[in-house]
Amino acid sequence: MHLNSIKHIRRRQLISASIRGIVLFFTVLTLLPLVYILIYIIKQGIGAINWSFFVQLPRPVGEAGGGIANALVGSVLIVCVATLMAVPIGISSALYLSEHPQGRLANVIRFCVEVLTGIPSIVVGIVAYDWLVKPMGSFSAFSGSVALAIMMLPIMIRSAEETLKRFPTHLREASLALGVPYYKTIMKVLLPCSLSGVLSGIILSVARIVGETAPLLFTAFGNPYLSFHIFHPMHSLPLLIYNYAISPYDSWHQLAWGAALVLLCWILLLNILTRMIIRKWSVRY
Amino acid sequence: MERPILEVKHFHAWFGTHEVVKNVNLTLHRNEVVAVMGPSGCGKTTFLRCINRMHELTPEARTEGQILLEGEDIYRMSPIMLRLRVGMVFQRPNPFPHMTIYENVLAGYLLNNIKLSRSDKDAIVEDALRKAALWEEVKNNLKKKGTFLSGGQQQRLCIARAIAMKPDLLLLDEPTSALDPISTAGIEELLQELKKNYTLIIVTHNMQQAARVSDETAFFYMGELVEFAPTRQLFTAPKDQRTQNYITGRFS
């Protein structure tokens, strides 16, 4: 071979290697803050974690110990109620969009979903305040759930629509040709086949709103005591973190770090769950 | 003579303003096999889909004329009742991916909430799979997903799913066009068997297939039913020049 062309190839290999290096460098650069945040939160929060942290209420300033039981229960309740509200609406909208992709109404819905994605969470909170807190005369976990449900909708609708759209015509025809009515085809063929995608969309939307603080500020409001009543003010993890982190007391800071760690683990678990569902239940057409 | 199972009278079909099927008249008796052949775009698949009203899934589809199933106008029946009586097998094998082989055979019952006892279910599954010549291959794997099977096996599974409903009439839309030659031979062999118990209408673009499996052949051209005759007669002594041209390969 020509010496010249060997040289040329060497040069290209060199360029190729350096490009690879640059790409790797920026990837690591992206991961760095993430890893740093994780390590820092674990380092700060792990000290607060013990049994009483989960089962006790926060103590008044000056007293050592105490936990975040009220916020934990509150967060779980608020998020569950929000999910219960958002799922039927979100999945039905996604079904409508995937079944009538070209319709006028579908375009309107799609546009609304896009706009909804862009609305700042604090605005959603204000809207929930106006709709529910003012007429009902009190802050409530329920109004917080409504605000969170609104935040969940666009994420859920988008991901469910993507999954449902991929359902192939030939399976729809297989079902209809067996004399199966349209609604049963939807319920027993389309949805089960799309189950993994729809479920993971739901869970991801939950993971997305678990840490939302702004919509809860003037809806769920917060509550220093344990409450199960969804029409009363209720505490939640992000609210607790917000309140305690800006307080001047070290013991409260400690609780906030612990709560942040709990929140982080919760979201991580949801993401892992999503991956498991996709691996286990996804249907290949 | 007994009442024909299917009578098609002055039947037309349109998609929008495009007339796809033009004035088709045809009579079909029980346990006959009719092959519908013709060049691509001649309306043969549309005609087939009109028989179980699957064409209605296409927006702007419109029909005129009558199709009688055992004397009953199918356009006055509910499409659901009609499709329970008229089974269909598609070009591409389409077993339900979320169901096992066993459930796939019973899909028509399961999806319609028709309750069956365990023993009835087992009997229907075995009978349908035997008739579809698939039983020996899958009897130990009934709990596996239907999509694990090969293409030819999947198509036989779809045939089993259709005949499990004990249809009066079975429509097959180019059932071998997506299969390899060996699977195709298997399906054709199966069709020979099915002839004994079922009334079949097979759309095919393959003349040899039409000649091999059918008692009667319908030749469609540009939406018209050009010729409908006993298969041997149509292939040896076609009456119409266009049929002659088609079977001698002058156009395809």
Side-chain angles (χ1 to χ4, degrees), chain A residues 91 94-107 159-202 274 276-285, chain B residues 45 48-49 51-59 77-99 103-114 145-148 154-155 157-167 169-173 178:
Chain A
I91 303 304
L95 259 174
Y96 185 85
L97 288 178
S98 69
E99 289 294 299
H100 307 275
Q102 310 298 347
R104 217 186 150 81
L105 182 58
N107 286 333
S159 78
E161 188 200 351
E162 277 312 306
T163 317
L164 294 170
K165 249 189 353 204
R166 267 185 283 137
F167 183 72
T169 316
H170 68 258
L171 287 179
R172 182 189 306 274
E173 293 194 335
S175 175
L176 294 173
L178 285 167
V180 182
Y182 177 65
Y183 77 96
K184 280 186 186 157
T185 301
I186 300 276
M187 299 304 289
K188 292 182 149 189
V189 184
L190 172 64
L191 284 178
C193 282
S194 316
L195 187 66
S196 77
V198 170
L199 268 185
S200 56
I202 293 172
T274 310
M276 279 165 59
I277 286 174
I278 289 175
R279 192 167 307 161
K280 189 139 194 285
W281 284 338
S282 70
V283 165
R284 228 172 272 163
Y285 302 123
Chain B
T45 292
L48 194 76
R49 290 169 69 91
I51 300 175
N52 68 347
R53 294 177 60 177
M54 288 297 281
H55 71 288
E56 289 172 10
L57 300 184
T58 317
M77 291 159 98
S78 101
I80 290 160
M81 286 309 296
L82 172 68
R83 291 171 194 159
L84 286 172
R85 291 172 60 187
V86 181
M88 190 167 211
V89 176
F90 295 83
Q91 266 185 43
R92 243 179 92 186
N94 52 4
F96 295 116
H98 63 304
M99 292 184 176
E103 290 166 335
N104 258 295
V105 178
L106 291 172
Y109 297 93
L110 297 176
L111 296 177
N112 280 307
N113 285 344
I114 300 171
K145 292 267 182 291
T147 36
F148 278 115
Q154 286 190 16
Q155 194 60 302
L157 179 59
C158 294
I159 292 174
R161 177 175 69 191
I163 59 186
M165 303 305 291
K166 306 193 167 59
L169 179 64
L170 188 57
L171 310 174
L172 300 109
D173 183 8

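Chain letters run A, B, ... following the sequence lines, proteins first and then strands; every chain starts at 1. We use all heavy atoms of the structure for the numbers below, so side chains are in, but hydrogens, waters and symmetry mates are not.
A heavy-atom distance below 4.5 Å is found between the side chains of B:Asn113 and A:Lys184.
Pairing each heavy atom of A:Leu178 with each of B:Ala107, the nearest pair is CD1-CB, 4.0 Å.
Contact of A:Val180 with chain B is made through backbone and side chain together, with heavy-atom distances under 4.5 Å. In this structure, chain A has no heavy atom under 4.5 Å from any part of B:Arg85. Only the side chain of B:Leu57 comes within less than 4.5 Å of a heavy atom in chain A; its backbone stays farther off. Both the backbone and the side chain of A:Lys188 come within less than 4.5 Å of a heavy atom in chain B. When heavy atoms are compared at a cutoff of 4.5 Å, B:Val89 does not approach chain A at all. With a 4.5 Å cut-off on non-hydrogen atoms, A:Ser175 touches chain B through its backbone and its side chain both. Residue contact with chain A, scored on non-hydrogen atoms closer than 4.5 Å, is absent for B:Pro167. For B:Leu82, no part sits under 4.5 Å from any heavy atom of chain A, backbone or side chain. Only the side chain of B:Phe90 comes within contact range of chain A, with at least one heavy atom under 4.5 Å from a heavy atom of that chain.
Interface remark: of the candidates A:Val283, A:Val189, A:Thr169, A:Val189 forms the most heavy-atom pairs closer than 4.5 Å to chain B. Residue with the most contacts toward chain A among B:Pro97, B:Gly108, B:Pro95, B:Cys158: B:Pro97 (heavy-atom pairs, distance under 4.5 Å). By number of non-hydrogen pairs under 4.5 angstrom with chain A, the leading residue of B:Arg161, B:Met81, B:Lys145 is B:Arg161. Of the listed residues (B:Met165, B:Arg92, B:Gln91), the one with the most heavy-atom contacts under 4.5 Å to chain A is B:Arg92.
For the atom pair OG1 (A:Thr185) and CG (B:Asn112), the distance works out to 8.5 Å, reported to the nearest 0.5 Å. Rounding to the nearest 0.5 Å gives a distance of 13.0 Å between CD1 of B:Ile80 and OH of A:Tyr182. Here CD of A:Glu173 is found 7.5 Å from CE of B:Met88. Values are rounded to the nearest 0.5 Å.
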What verdict does the side-chain contact (heavy atoms from CB on, under 4.5 Å) test give for B:His98 and A:Leu195, after you've listed the backbone C-alpha separation in whole Å, the side-chain angles of each residue and the deciding distance to 0.1 Å?
CA-CA 10 Å; B:His98 63 304; A:Leu195 187 66; over 6 Å; no
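Around atom CZ of B:Arg53, more than 12 heavy atoms belonging to other residues, nucleotides or ligands sit under 6.0 Å away.
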